[in-house]
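Heavy atoms only: backbone and side chains are in, while hydrogens, waters and symmetry mates are out. For reference, positions follow the sequence shown, starting with 1. Here the structure is a predicted model, which means the values were calculated and not measured.
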Amino acid sequence: MTIDEMIKRYNIKLAHGSHEGQIHILNTDMVYADKAIDILKSNKSAIMNRLREMDEARKEATRQYIEKVNSIPGLTEIQEALDAQEEWENKFSEYFDNEDCSKIPIKPNYDFEEAYKKYPQAHAYLLAEKESLKSNFELADIGKRALKEIIYGDWEKAIANMKKEKDDFIARHIWD
């Protein structure tokens, strides 16, 4: 059995914090059933090295993902405006609920429609992100696939595919 097969079969993870330098074996029942404890002990350093490599690869992939998302034109600007709008709505509700309308802040003046036209890729990203956060797992999966395609591929094709998949989903479940 290779190191990667052991890691997967026994669900082995790197320990962190006060257990630094150790591994966590999450599927211990399988280890005992396979009588593999001695094999794992003898390969501990190789397993740890491979887990560290995998961890570094994950960190690098995350860094690249964040870099690609941040490079989408206009996304940061629109997200900041959405955050300001949400903050205003929260404060408005709070002051209105407390009947203290004298302190209601001025509503942010941002033309989202204009921004969506100016930055269609950012708008596509926000639509796919919203879809990926839905509670229905099929719709969320459609959104996640679209997000990946927007970030790593053709965003126009991704949105068209997302809309088609969503329409197909609705057609399949219209009588549910």
Side-chain angles (χ1 to χ4, degrees), residues 1-83 86-87 119-170 172-173 176:
M1 187 180 303
T2 66
I3 299 297
D4 286 339
E5 290 169 343
M6 283 188 252
I7 290 170
K8 185 175 181 179
R9 181 168 176 84
Y10 304 125
N11 198 5
I12 303 172
K13 308 287 183 200
L14 266 181
H16 296 286
S18 63
H19 298 284
E20 194 75 35
Q22 297 177 1
I23 57 174
H24 282 220
I25 302 170
L26 301 174
N27 196 350
T28 55
D29 292 339
M30 186 71 71
V31 172
Y32 291 117
D34 292 350
K35 297 181 174 132
I37 195 76
D38 291 330
I39 294 169
L40 291 174
K41 283 181 181 179
S42 65
N43 287 300
K44 180 183 173 188
S45 62
I47 292 170
M48 288 185 69
N49 289 337
R50 181 64 182 131
L51 288 169
R52 285 187 189 109
E53 288 173 12
M54 292 166 66
D55 194 40
E56 287 301 316
R58 242 187 324 273
K59 286 178 183 175
E60 179 61 21
T62 300
R63 187 195 61 74
Q64 288 176 357
Y65 177 86
I66 291 169
E67 192 175 285
K68 284 194 174 280
V69 169
N70 289 337
S71 71
I72 294 174
L75 183 62
T76 305
E77 176 186 328
I78 294 172
Q79 284 178 326
E80 287 172 357
L82 287 168
D83 291 344
E86 182 181 10
E87 184 180 334
Y119 302 114
Q121 186 179 4
H123 186 225
Y125 177 87
L126 292 169
L127 288 173
E129 182 181 47
K130 182 178 180 182
E131 196 70 28
S132 74
L133 298 173
K134 296 233 171 144
S135 61
N136 181 289
F137 72 93
E138 284 185 76
L139 291 174
D141 191 47
I142 290 169
K144 288 174 186 172
R145 283 195 307 275
L147 269 178
K148 188 179 253 186
E149 183 66 25
I150 288 166
I151 294 166
Y152 295 109
D154 182 2
W155 64 269
E156 291 170 326
K157 181 181 169 188
I159 287 299
N161 286 343
M162 184 178 82
K163 287 180 181 176
K164 182 187 179 312
E165 288 182 41
K166 193 173 174 183
D167 290 344
D168 291 346
F169 171 83
I170 291 168
R172 278 194 320 273
H173 296 283
D176 286 358

The reported gap from CG in Asn11 to CG in Asn27 (rounded to nearest 0.5 angstrom) is 6.5 Å

Heavy-atom closest pair (Ala36 atom, Tyr10 atom, distance to 0.1 Å) is CB-OH, 3.4 Å

Contacts satisfying side-chain hydrogen bond (donor to acceptor under 3.5 Å, both in side chains) that involve residues 146-159 (not counting sequence neighbours) are none

| said: Check this for me: does any side-chain nitrogen of one of Asp55 and Arg58 sit under 4.0 Å from a carboxylate oxygen of the other? | reply: yes

In short, ring-ring contact (aromatic ring centres under 6.0 Å, His included) pairs touching residues 121-147 with sequence neighbours left out are Tyr116-His123

Fill in: Test item: Arg63 and Lys59 side chains (from C-beta on) under 4.5 Å apart, heavy atoms
no

To the nearest 0.5 Å, atom CD of Gln79 lies from atom CD of Glu86 at 12.0 Å

Margin query: I'd like to know whether Glu56 forms a side-chain contact (heavy atoms from CB on, under 4.5 Å) with Glu53, so could you lay out the CA-CA distance, the side-chain angles of the two residues, the decisive distance to 0.1 Å, and finally the verdict.
Written below: CA-CA 5 Å; Glu56 287 301 316; Glu53 288 173 12; 5.8 Å; no

Looking only at heavy atoms, the pair that brings Ile47 and Leu40 closest together is CD1-CD2, 3.7 Å

Between the CG atom in Asn43 and the CD1 atom in Ile3, the distance rounded to the nearest 0.5 Å is 4.0 Å

Pair Asp167 + Lys163, salt bridge at N-O below 4.0 Å: no

Sequence neighbours excluded, the answer for ring pair (Phe, Tyr, Trp, His ring centres under 6.0 Å) partners of Phe169 is His173

The complete set of salt bridge (Lys or Arg N to Asp or Glu O under 4.0 Å) pairs with one or both residues in residues 130-142, sequence neighbours excluded, reads Glu131-Lys134, Glu131-Lys166, Glu138-Arg172, Asp141-Arg145

Would you say Met1 and Ile39 make side-chain contact, with heavy atoms under 4.5 Å?
-> no

On a heavy-atom basis, the closest approach of Leu75 and Val69 is CD2-O, 3.5 Å

Nearest heavy-atom approach of Ile151 to Tyr65 is CD1-CE1, 3.1 Å

In short, salt bridge (Lys or Arg N to Asp or Glu O under 4.0 Å) pairs touching residues 6-32 with sequence neighbours left out are Arg9-Asp34

CD (Gln22) and CE (Met48) are apart, to the nearest 0.5 Å, by 8.0 Å

In this structure, CG of Asp83 is separated from CD1 of Ile78 (nearest 0.5 Å) by 12.0 Å

Paired with Leu126, the side-chain contact (heavy atoms from CB on, under 4.5 Å) test is passed by just one of Ile150, Leu82, Ile72, namely Leu82

The salt bridge (Lys or Arg N to Asp or Glu O under 4.0 Å) partners of Glu80 (sequence neighbours excluded) come to none

Side chains of Met6 and Arg50, heavy atoms from C-beta outward: is any pair under 4.5 Å? no

Glu165 and Ile142 have their tightest heavy-atom pair at OE1-CG1, 3.4 Å

dist Met54:CE -> Leu14:CG (nearest 0.5 Å) comes out at 9.5 Å

Minimal heavy-atom distance between Met162 and Ala146, with the atoms involved, is SD-CB, 3.7 Å

